[in-house]
Amino acid sequence: MNRVFSFSKHCNRAIHHRCETQLQTAGPVASLIKSRSVIRFRGPDTVKFLQGLLTNDVRKFGEPIGDKTANLPTPNVPATSVHPIYAALLTPQEPDEPFELFADVDASVLDELLATFTKYRLRSKVEIDNVAGEFSCWQRYGSGPPENSSDVEEPEAASVGWGAGEDGTAMSSSRGAPLIEADKETDEQNYLMWRMEKGVAEGSTEIPKGEAMPLEYNLVGLNAISFDKGCYVGQELIARTHHRGVIRKRIVPLRFQDNDGNEVVNKIIPGSVVINTASGKKAGLVTTAMGCRGLGLLRLEEALKGSAALSIQGQEGVKVVASKPDWWPSDWVQDLQQHTAFA
């Protein structure tokens, strides 16, 4: 898998360091995400062009919205708006009105992404622009969806902001409504901590290009993949893996402790090997670490059944506690248990 990013029809995406954060009870807060940038796509072939490249179904951006947004607060916001979607760009196996989409992407690979999209453009009527100097990416987080959220059919993913229904915060933002209260802005490091606690990886450092399998990084549960849209670059492997039904490795939240249960802070680095000391087997790798928290790509059989015996290879005094995020669909673990029982 190459890249993961969010799309919206009209832009807007929408810890000082502590191991124990208060974000769950602090109510919504927001961070300016400097690690993200914005690409603009515009032209009559925009939807057709992206539909053949991305894992999610972008055709909804071409659908009429009616007069849902008739009363816009600012004159510069277009008269139609669609809630953002989450999508990935995969690595391949070797008379028109102005139309715009904006992609919130990993800033560290911005130039490479622009080159990749340009390579696939060919004769499509699509302009692809770096607009990072004109737009910023903000993320609102720290509490569950509002009571009037329409994400009732997918409460798990909605609880971390990736539900397939309408994202009220993003819709409000795209219409120019106030998003950030004066006392609610917080450092981007808090957003990283919040993501680790929720088990959500982001960007090419945490989801390595050309190596990562989207299903192992939970992109199905985060509504980044459509299995109904037809063909796109890299689709065959994703569909085949999905229909086999069992994903043995996944990204999970990690906590680092010593033998007495005290937090171990800033001792672990990404790439550290996690082992099950009881079985002697390698359980996986730490992919992200900050303070006493992290993310790891672990074998679920080792991570969730033998969590008490997990440690860092070469640092046996550092115990690793892996946990299953609350937003995971229940069948992910059930399918693995059933498959293991009959193996």
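Side chains of P214 and T55 form no contact here, defined as non-hydrogen atoms less than 4.5 Å apart. The closest side-chain heavy-atom distance from V264 to Q315 is not below 4.5 Å. Taking the side chain as every heavy atom from C-beta outward, L54 and L89 approach each other to under 4.5 Å. Annotation: side chain of V274 is not in contact with side chain of E302 (no heavy-atom distance under 4.5 Å). Inter-residue side-chain proximity for V273 and L285 is flagged as met; some heavy-atom pair is nearer than 4.5 Å. For the pair S35 and S108, the minimum side-chain heavy-atom distance is 4.5 Å or more. Using a 4.5 Å heavy-atom threshold, the side chains of V109 and K209 count as separate. Put simply, the side chain of I128 reaches to within 4.5 Å of the side chain of F49, judged on heavy atoms.
In this structure, C137 and V38 approach most closely via the heavy-atom pair SG-CG2, 3.6 Å. Contact record, A132 with L110: CB-CD2, 4.4 Å, taken as the closest heavy-atom pair. Closest of all the heavy-atom pairs between V252 and A322 is CG2-CB, 4.2 Å. Nearest heavy-atom pair across A212 and I207 is CB-CG2, 3.6 Å. Considering all non-hydrogen atoms of both residues, G294 and M196 come closest at CA-SD, 3.6 Å. Residues G199 and P325 share a closest heavy-atom pair of CA-CG, 4.4 Å.
L298 is connected to W328 through a chain of hydrophobic side-chain contacts under 4.5 Å among Ile, Leu, Val, Met, Phe, Trp and Tyr, so both are in one cluster. A chain of hydrophobic side-chain contacts below 4.5 Å, direct or via other Ile, Leu, Val, Met, Phe, Trp or Tyr residues, connects F61 to L50. Both L192 and L295 are assigned to one and the same hydrophobic cluster, defined by single-linkage of ILVMFWY side chains at heavy-atom distances under 4.5 Å.
For K249, the NZ atom sits in a loose shell: 12 or fewer heavy atoms of surrounding residues, nucleotides or ligands are nearer than 6.0 Å. More than 12 heavy atoms of other residues, nucleotides or ligands lie within 6.0 Å of NZ in K324, so this atom counts as buried by the packing criterion. Other residues, nucleotides and ligands place more than 12 heavy atoms under 6.0 Å from the NZ atom of K229.
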Can you list the steps and then say if E216 with I247 is a side chain to side chain contact (heavy atoms under 4.5 Å, CB included)? CA-CA 7 Å; E216 294 179 346; I247 308 300; 3.9 Å; yes

Mind running side chain to side chain contact (heavy atoms under 4.5 Å, CB included) on L219 and Y86 for me, showing each step along the way? CA-CA 9 Å; L219 295 194; Y86 191 39; 3.7 Å; yes

Using the rule given for side chain to side chain contact (heavy atoms under 4.5 Å, CB included), can you reason through I85 versus D57, listing the C-alpha separation, both sets of side-chain angles and the distance that settles it, and then say yes or no? CA-CA 9 Å; I85 65 170; D57 193 337; over 6 Å; no

Working for side chain to side chain contact (heavy atoms under 4.5 Å, CB included), residues K267 and F256: CA-CA 9 Å; K267 299 290 186 180; F256 309 119; over 6 Å; no

Salt bridge (Lys or Arg N to Asp or Glu O under 4.0 Å) assessment of R42 paired with D129: CA-CA 9 Å; R42 57 181 174 180; D129 303 312; 3.6 Å; yes

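Panel note: side chain R36, backbone D104; a donor-acceptor pair is recorded below 3.5 Å. Not a single donor-acceptor pair under 3.5 Å links the side chain of S124 to the backbone N or O of V126. When atom types are taken as modelled, the side chain of S31 and the backbone of D187 share a donor-acceptor pair closer than 3.5 angstrom. Checked by atom type and distance alone, the side chain of S272 never pairs as donor or acceptor with a backbone atom of V286 at under 3.5 Å. N218 places a side-chain N or O within donor-acceptor distance of the main-chain N or O of I251, the cut-off being under 3.5 Å. Between the side chain of Q313 and the backbone N or O of S311 there is no donor-acceptor pair closer than 3.5 Å. Side-chain atoms of T277 come within 3.5 Å of backbone atoms of A309 as a donor-acceptor pair (strictly under, hydrogens ignored). When atom types are taken as modelled, the side chain of Q139 and the backbone of I33 share no donor-acceptor pair closer than 3.5 angstrom. Of the possible polar contacts, one joining the D45 side chain to the K125 backbone as a donor-acceptor pair under 3.5 Å is found. Of the possible donor and acceptor atoms, one in the side chain of N56 sits under 3.5 Å from a partner among the backbone N and O of N223.
Between the CZ atom in R293 and the CD atom in E197 there is a gap of 4.5 Å [rounded to 0.5 Å]. In this structure, L300 CG and R248 CZ are separated by 9.5 Å, a value rounded to the nearest 0.5 Å. The structure places OG of S323 at 10.5 Å from NZ of K198, a figure rounded to the nearest 0.5 Å. Distance NZ/K319 to CG/N259: 4.5 Å, rounded to 0.5 Å. A distance of 8.5 Å separates CD in E100 from OG1 in T46, rounded to the nearest 0.5 Å. Rounding to the nearest 0.5 Å gives a distance of 6.5 Å between CZ of R250 and CG of L215.
With I39 as the partner, the side chain to side chain contact (heavy atoms under 4.5 Å, CB included) test is satisfied by one option alone out of N130, L113, V131: L113. Considering W327, W194, Y217 as possible partners of V200, the one that fulfils the side chain to side chain contact (heavy atoms under 4.5 Å, CB included) test is W327.
By the 30° and 60° cut-offs, the orientation of the rings of F117 relative to F41 is perpendicular. Taking the six-membered ring where tryptophan is involved, the planes of Y141 and Y191 are tilted, since the angle between them lies from 30° to 60°.
Inspection of the Q257 and N262 side chains reveals no N or O donor paired with an N or O acceptor under 3.5 Å.
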